[in-house]
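Everything below concerns the one structure shown next.
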Amino acid sequence: MNPDVVQFSRGVPPIEAIPARELAEHTEAAVAELGPRLFQYPPIGRYLGDPTLREQLAKRHDADPDHILVTNGSLQALDLLAAHLLSGSGAAVYVEGPTYDRAARIFERHGGRVSSIPLEADGMDLADLRERLRAEVPAFVYTVPDFQNPSGVTLSLAKRGELLGLAAEYGFTVIEDIPYRDLRFHGETLPSLSELAEGARVITLGSLSKVLSPGLRIGYVISDADTALELATRSEGVYLSPVGLCQAVAARALGSGLVTENVERARDFLRPRHDAAVRSVQSSLGDALMAVPDGGYYVGVRVKTGSDPDAFLDRALGAGVKLISGSAFYPSTEKSTVDTMFLRLPFQAMTPEEFSTGVERLAASLS
Ligand code: PMP
């Protein structure tokens, strides 16, 4: 790949947002404290993960530690959860359109009939969902409510309440996936769906990848005691037990306040990148911007490609910008042939200059 090509590809944290030195110190301290048993198999038998880490996560989310299973990254939690909720049943699953691509693939792999609810500037189109519920109630609705991957859209407070009302009325589960939630650069944090749940069943997926380190692979799922034990049994059948060393380091990072400090540092580092990215999309692509994200890693746009999607992507690459096809962010059965394409533009790992060069090349490829 030509090094001059601007790559709008993955949501990887910038290396500056990972507190490597402090993590090395915590690793050394964890080894000194826990000794050889840190290098032994962690327990098996419905093991939910490092008890100290679960205590810390429970405090962070005001949850019961017995409701939390810690996994090797939250994608693994999603895979275990999909296996548990779908068990190859062919049940319906509703996701946002666009949605997190890997989530859609996981649900499909576990036999879900995945279809999307259109995403608006303030979250999924609930009139569309209501209509769909009359025809079929899904096993679950999957949402990334804060600074969504891939669009940057946040589900509004009003829609959070309405979605939960529908979940309670029709009896479906809501999975909220919140890895970016703490990375808000402007405005007030909205309550999470689990905080608002009342009569609805909400399962929360969390991750330390974007607030501490993706290399530690610490993800978790917060559900209820029975579901947590079910998922733990499934996890044992796949990987015996999670990585004890990483969990011990993560427990120290949370307990010492490093995660809280690092969230502040990451926000300060990313805020100017976010602001510059929004300005450059507004000036080069105008109303293609789906929403001003105010947090997270991504800006989403809908553009008129004026041609076949693959021809457009080739033209953009020729102009020096590599893009992921928008159809990746939709269920496989919904590959669109229309000339409007969704594009995800991650801004977190690029300088503002690099980002705006990429956006200008993208704009030039449209005309
Ligand atoms: N969910 C969402 C919405 C994500 O964006 C990501 C990472 N890109 C994940 C889950 C997986 O994160 P991890 O496995 O590193 O916890």
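Numbering of ligands and ligand atoms starts at 1, following listing order. Each residue takes its place number in the sequence, starting with 1.
When only interatomic distances are considered, the shortest N/O to N/O separation between Asp177 and ligand 1 falls below 3.5 Å. Among the atoms of Leu75, some N or O lies under 3.5 angstrom from an N or O of ligand 1.
Taking the six-membered ring for Trp and the full ring otherwise, Tyr142 and Phe107 have centroids separated by under 6.0 Å. Taking the six-membered ring for Trp and the full ring otherwise, the centers of Tyr180 and Tyr297 sit less than 6.0 Å from each other. In this structure, Tyr100 has its ring center no closer than 6.0 Å to that of Phe329.
Taking CG from Leu119 and CZ from Phe342, the interatomic distance works out to 8.0 Å, rounded to the nearest 0.5 Å. Atom CD of Glu236 sits about 13.0 Å away from atom CG of Leu231, to the nearest 0.5 Å. Within the model, atoms CG of Leu78 and CZ of Arg105 stand 12.5 Å from one another, a figure rounded to the nearest 0.5 Å.
Residue Ser209 has at least one heavy-atom neighbour below 4.0 Å for each of these atoms of ligand 1: 13 (P), 15 (O), 16 (O). Listed by atom number, the atoms of ligand 1 under 4.0 Å from Ser207 heavy atoms are 13 (P), 16 (O). For ligand 1, the atoms lying closer than 4.0 Å to a non-hydrogen atom of Pro179 are 1 (N), 2 (C), 3 (C), 4 (C). Residue contact check: Arg217 has heavy atoms under 4.0 Å from atoms 13 (P), 14 (O), 15 (O) of ligand 1. Listed by number with element, the atoms of ligand 1 under 4.0 angstrom from any heavy atom of Gly73 are 14 (O), 16 (O).
Atom 11 (C) of ligand 1 has its closest protein heavy atom at Ser74 OG, 3.4 Å. Among all protein heavy atoms, the one lying closest to atom 5 (O) of ligand 1 is Tyr180 OH, 2.5 Å. Of the protein's non-hydrogen atoms, the one nearest atom 6 (C) of ligand 1 is Tyr100 OH, 3.4 Å.
Summarising the hydrophobic clusters (Ile, Leu, Val, Met, Phe, Trp, Tyr; side-chain heavy atoms under 4.5 Å, direct or chained), the residues clustered with Tyr41 are Leu240.
The closest approach between any non-hydrogen atom of Tyr297 and ligand 1 is not below 4.0 Å. Heavy-atom distances between Lys210 and ligand 1 reach below 4.0 Å in at least one pair.
Look at Glu169 and Arg134 and you find no salt bridge, because none of the NZ, NE, NH1 or NH2 atoms lies under 4.0 Å from a carboxylate O.
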